[in-house]
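Here's the structure, in structure tokens; my notes come after.
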Amino acid sequence: MEKLARKQIQALTPYLSARRIGGSGDVWLNANESPFDNHYKTDFARLNRYSDCQPQALIQAYADYAGVKPDQVLTSRGADESIELLIRTFCEPNQDAILYCPPTYGMYAISAETFGVERKQVPLSADWQLDLTAIEANLELVKLVFVCSPNNPTGNLIRREDIIALLEMTQDRAIVVMDEAYIDFCPEASTVDLLQTYPNLAILRTLSKAFALAGLRCGFTLASPAIINLLLKVIAPYPVPVPVADIALQALSPSGLARTKFQVLDLNANRAYLQVGLQMVPGVEVFEGWGNYLLVKFPDGDALFKAAWEHGIILRNSPIDNAVRISVGNREECEKVVAFVRNYYQ
């Protein structure tokens, strides 16, 4: 059977999500999930009928939340599906390329490889910002440039002036895809206002992080009507199950938004607690983060990661030497992490 698969798939190394890696413990801080288990009601009616491809009420609700028009919104099965849709829509296999800037989210490259699209890497600078000169030198055949802000796993924001420079640089050449999966923790840094000026901008959003709905698999693409209409040609006929739309609408209701705002404030406070607590440990470096996670550099990151794993504290290894990504959990979970690290280095 393996010989029947496409050559790209035979050679593909799949993305190792937190669930694929596994683990066993009582503190799970490896997938940037929310610790809040909110409850929703749905009557599970209408399941004998297909859902709307783009439920009008859901599109309107997210447009209102994001501050855009409904024809600038597409909903999908998480932002991961949006990444695939953009690649399938704009990149010719074995001809076009995407460009991304590691260290960053791994699914940009894997999705492109799956569809036979070339991957060009331009690493972030030493301070984890865009290397605009190198990007410009590598734009040949590039149709999509993926930029994550706050960036995963580093947690930093990409400078707004550099994003604007990149949009100017790629006009009529490529689409800049801003991955804003974590923007709800710092909404003032969103690029959504730039949609009015730059038709080559697309923004990825999700309900998985701040809205505490990782298991719902509901994401959004914000872009010009022209881009949205092209994506609608490619998307599956029924991408949004009826219960998903029902729950997402509740999350985007006035009461749902108020709850999310309160929980974001709580998580941002816990992030500050975790940052201060870990910084007090000699030899530990905590990078400033703007999402619901922190990148932390230890004297021996791999050993610390394994020791925490064996202690039932499940964190996430990163591609950066001796650095571990730690999701922000509830206060008790954060306290357990700080206590473990302090004891480990005593």
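Values below: all heavy atoms of this structure, side chains included; hydrogens, waters and symmetry mates excluded.
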Please check if atom [atom1] in [X] has more than 12 non-hydrogen atoms from other residues, nucleotides or ligands closer than 6.0 Å.
X: Asn48; atom1: CG; result: yes
X: Gln196; atom1: CD; result: no
X: Tyr345; atom1: OH; result: yes
X: Trp290; atom1: CH2; result: no
X: Gln56; atom1: CD; result: no
X: Asp321; atom1: CG; result: no
X: Glu2; atom1: CD; result: no

Tell me whether the guanidinium CZ or amine NZ of Arg119 lies under 6.0 angstrom from the six-membered ring centre of Phe146 and within 45° of its axis.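 Verdict for Phe146: no cation-pi partner in Arg119.
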Take Arg316 and Asn32 through the side chain to side chain donor-acceptor pair (under 3.5 Å) test and state the conclusion after the steps. CA-CA 9 Å; Arg316 179 76 161 176; Asn32 297 345; over 6 Å; no
Side chain to side chain, [X] and [Y], heavy atoms closer than 4.5 Å:
X: Gln72; Y: Leu222; value: no
X: Phe90; Y: Val177; value: no
X: Leu194; Y: Met178; value: no
X: Ser318; Y: Val324; value: no
X: Cys53; Y: Pro239; value: yes
X: Ile87; Y: Glu84; value: no
X: Asp52; Y: Leu58; value: no
X: Glu81; Y: Ile235; value: yes

Give a yes or no answer on whether the side chain of [X] reaches the backbone of [Y] with a donor-acceptor pair at less than 3.5 Å.
X: Asp172; Y: Asn200; answer: no
X: Ser76; Y: Gly78; answer: yes
X: Arg271; Y: Leu294; answer: no
X: Ser51; Y: Val240; answer: yes
X: Thr260; Y: Leu257; answer: no
X: Glu180; Y: Ser190; answer: no

Which heavy-atom pair separates Asn30 from Leu315 by the least distance, and what is that distance?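 Of all heavy-atom pairs spanning Asn30 and Leu315, the closest is CB-O, 3.2 Å.
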Starting at CG of Asp184, measure out to CG of Leu267 and round the result to the nearest 0.5 Å.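 Atom-to-atom, Asp184:CG and Leu267:CG are 11.5 Å apart.
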Starting from the C-alpha separation in whole Å, work towards a yes-or-no answer on ring pair (Phe, Tyr, Trp, His ring centres under 6.0 Å) for Tyr65 and Phe220. CA-CA 12 Å; Tyr65 171 70; Phe220 299 89; 8.9 Å; no
Going by the angle between their ring planes, with limits at 30° and 60°, are Tyr293 and Tyr182 parallel, tilted or perpendicular?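 Answer is perpendicular, since the angle exceeds 60°.
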Name all residues meeting the salt bridge (Lys or Arg N to Asp or Glu O under 4.0 Å) criterion together with Lys120; count only those two or more places apart in sequence or in a different chain, and write none if there are none.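 Lys120 satisfies salt bridge (Lys or Arg N to Asp or Glu O under 4.0 Å) with no residue once adjacent residues are dropped.
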Residue among Thr89, Leu86, Leu85 satisfying side chain to side chain contact (heavy atoms under 4.5 Å, CB included) with Leu230: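 Exactly one option meets the side chain to side chain contact (heavy atoms under 4.5 Å, CB included) with Leu230, and it is Thr89.
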Determine, stepwise, if the pair Val73 / Gln54 fulfils side-chain contact (heavy atoms from CB on, under 4.5 Å). CA-CA 9 Å; Val73 180; Gln54 296 291 291; 6.0 Å; no
